[in-house]
Amino acid sequence: MSAPALRFSVDGAPVEAKAGQTIIEACDDAGIYIPRLCYRADLPPGGQCRLCTCKVNGRYAAACVTPVTPAIAVENDTPELRAERNTIVEMLFVEGNHPCPFCEKSGNCDLQAMAYRFGLSATELTYQFPNRDIDATHPEIFLDRNTCILCGLCIRASRSADGKAVFGFENRGARTQLTVNSPDGLAGTDIATADRAAAVCPVGCIVVKGTGYETPYGERPYDRQPIGADIEAQRHPSAERKDADV
Amino acid sequence: MSKPKLATCSLAGCFGCHMSLLDIDERILELVELFDLDRSPLDDKKAFDSPVEVGFVEGGCANEHNVRVLHDFRKHCKVLIAVGACAINGGVPALRNPIGLRECLETTYAGGTPDADHFVPYDADLPLLLDRVYPAHEVVRIDYFLPGCPPSADAIWEGLKELLAGRTPGLPYQLLKYD
């Protein structure tokens, strides 16, 4: 026997969720895109990047870790939340080193794509230019902490999808950085190119060597369509934005 | 009625953005109908003699000369656009920022250990390098940004036309690129 659907609203439009779904899961099913950088549907959520922050009954909540409860009113695409998400993306750009012009991940990078989706031509926050370590010890996988946004996807992928524990965070606060579980660097770990952790990075931090620049400019995933367009394409035409009857 | 004037400069950049400006092909005929070129490396005019409407800034500030030129542009241009990755976030020249100026220079010119025969060049004619490369907006107020490395000719064309029409230059999705 299946549990009854939960009804709630997103920006005034009625949405149904299956019991136990988080807001982001229910919205993905309904074709409503909530911006995110640290969430993948097949991995446990981390609530790390806060980009999916919505207002639930007027209070901030990260949509990837907040379960749907009956009749909640979710605000997602509002001028206020759009402005705050813009700032999060800008802060991620200035607190790392993101060399889009020559980064292997350019055109397939979720952070860059998010900035494109938001129409961000530049940030006027002050660039930090941090000095971060790279790890080129592994023959097939390169770790460049300059672009790391501390989303934790590699940590979760390694643990839950690969059954390993290659990655983790070390230090706290502004000094938090990605680390690997070997004093010899990535080469000392049991990571393999086929691992989910080697492919899950949303930015150019973990890249498989010898695969860069394979797709020509103009044909890369986000050259073709904005991030989130695949989810929005699922939206039923009748699900217009209107006052919800929940 | 006289045409609005356009000034351009390349600071710590590679002239790629200027090349991209020229890459508008036959639309350059339309451009000269829209603007008069003022101070620019394209016409080799070295100094402003009057205020201009639009300043096109390529490159960030890596040395004191760049800062002087940028201040001069801010002073004379009604609207200043930062064009390309280097003007917007320092770009390739800013790769030295996390490392530090001294280490960069000593490694480059003296293998890391300067001595009587291997030293960092110095001369009054060499512009003094700044401690780090600064994006244009960290030195002066910038009105608009045209990202790209370089921005495509279409993006530059679109941006200049919008500006001339008195609108905020916002690029459509296909033209908004950071690479």
Side-chain angles (χ1 to χ4, degrees), chain A residues 89-134 144-147 203-204 212-213 215-229 232, chain B residues 13-14 16-17 57 60-61 81-101 103-104 130-152 154-155 158-159 162 168-179:
Chain A
V89 167
E90 290 181 54
M91 286 164 73
L92 289 172
F93 268 104
V94 300
E95 75 179 20
N97 298 309
H98 296 276
C100 293
F102 50 89
C103 178
E104 286 189 27
K105 196 77 176 188
S106 191
N108 192 20
C109 165
D110 286 2
L111 178 65
Q112 185 193 60
M114 206 58 75
Y116 290 168
R117 183 185 166 101
F118 294 170
L120 204 63
S121 60
T123 176
E124 291 184 75
L125 302 177
T126 303
Y127 283 89
Q128 304 294 305
F129 297 111
N131 191 358
R132 295 200 189 148
D133 292 335
I134 59 170
D144 180 357
R145 292 187 182 85
N146 284 292
T147 60
V203 294
Y213 315 113
T215 314
Y217 188 98
E219 293 173 25
R220 302 163 304 180
Y222 300 127
D223 287 335
R224 295 169 177 273
Q225 60 174 13
I227 190 167
E232 286 168 324
Chain B
C14 70
C17 298
V57 177
C61 289
I81 329 172
V83 182
C86 300
I88 286 173
N89 60 31
V92 171
L95 283 173
R96 76 162 154 97
N97 288 2
I99 297 162
L101 181 58
E103 188 183 337
C104 265
L130 304 180
D131 62 331
R132 65 176 179 89
V133 177
Y134 292 84
H137 72 266
E138 292 185 17
V139 179
V140 298
R141 177 174 55 81
I142 295 292
D143 300 295
Y144 301 111
F145 299 88
L146 268 181
C149 189
S152 65
D154 288 342
E158 198 65 34
E162 288 290 288
T168 301
L171 294 175
Y173 184 83
Q174 290 73 15
L175 294 182
L176 180 61
K177 297 277 177 224
Y178 293 173
D179 58 3

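Below, read A as the first sequence line, B as the second, and so on, with proteins coming before strands; counting in each chain starts at 1.
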When rounded to the nearest 0.5 angstrom, what is the spacing between [atom1] in [X] and [atom2] in [Y]?
X	Y	atom1	atom2	value
A:Thr126	B:His137	OG1	NE2	6.0 Å
A:Tyr116	B:Leu176	OH	CG	6.5 Å
A:Cys100	B:Lys177	SG	NZ	11.0 Å

Locate the shortest heavy-atom distance separating [X] from [Y]; write the atom from each residue and the value.
X	Y	result
A:Ile227	B:Tyr173	N-OH, 4.3 Å
A:Phe129	B:Val133	CE1-O, 4.0 Å
B:Ile142	A:Glu124	O-OE1, 4.4 Å

Name the region of [X], side chain, backbone, both or neither, that has any atom closer than 4.5 Å to a heavy atom of chain A.
X	value
B:Ala94	both
B:Leu95	side chain
B:Leu171	neither

query = What residue in B:Leu146, B:Ile88, B:Asn97 has the most heavy-atom pairs under 4.5 Å with chain A?
reply =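 Of B:Leu146, B:Ile88, B:Asn97, B:Asn97 has the most heavy-atom pairs under 4.5 Å with chain A.
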Interchain contact, [X] with chain B, by part (heavy-atom threshold 4.5 Å):
X	result
A:Tyr217	side chain
A:Asp223	both
A:Pro99	neither

request  = For B:Gln174 and A:Gln225, indicate whether the former's side chain and the latter's backbone hold a donor-acceptor pair under 3.5 Å.
outcome  =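 Side chain of B:Gln174 to backbone of A:Gln225, a donor-acceptor pair under 3.5 Å: no, none is there.
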request  = For the pair B:Asp179 (side chain) and A:Pro101 (backbone), establish whether a donor and an acceptor sit closer than 3.5 Å, ignoring hydrogens and angles.
outcome  =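 No; zero donor-acceptor contacts below 3.5 Å.
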task = With sequence neighbours excluded, tell me which residues meet ring pair (Phe, Tyr, Trp, His ring centres under 6.0 Å) with A:Phe93.
result =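 Ring pair (Phe, Tyr, Trp, His ring centres under 6.0 Å) list for A:Phe93, sorted by chain: A:His98, B:Tyr178.
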Non-hydrogen side-chain atoms of B:Pro135 and A:Tyr127 separated by less than 4.5 Å =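 Sidechains of A:Tyr127 and B:Pro135: in contact.
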task = Would you mind reporting whether B:Phe145 and A:Thr123 have side-chain heavy atoms less than 4.5 Å apart?
result =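 No - every pair of side-chain heavy atoms lies 4.5 Å or more apart.
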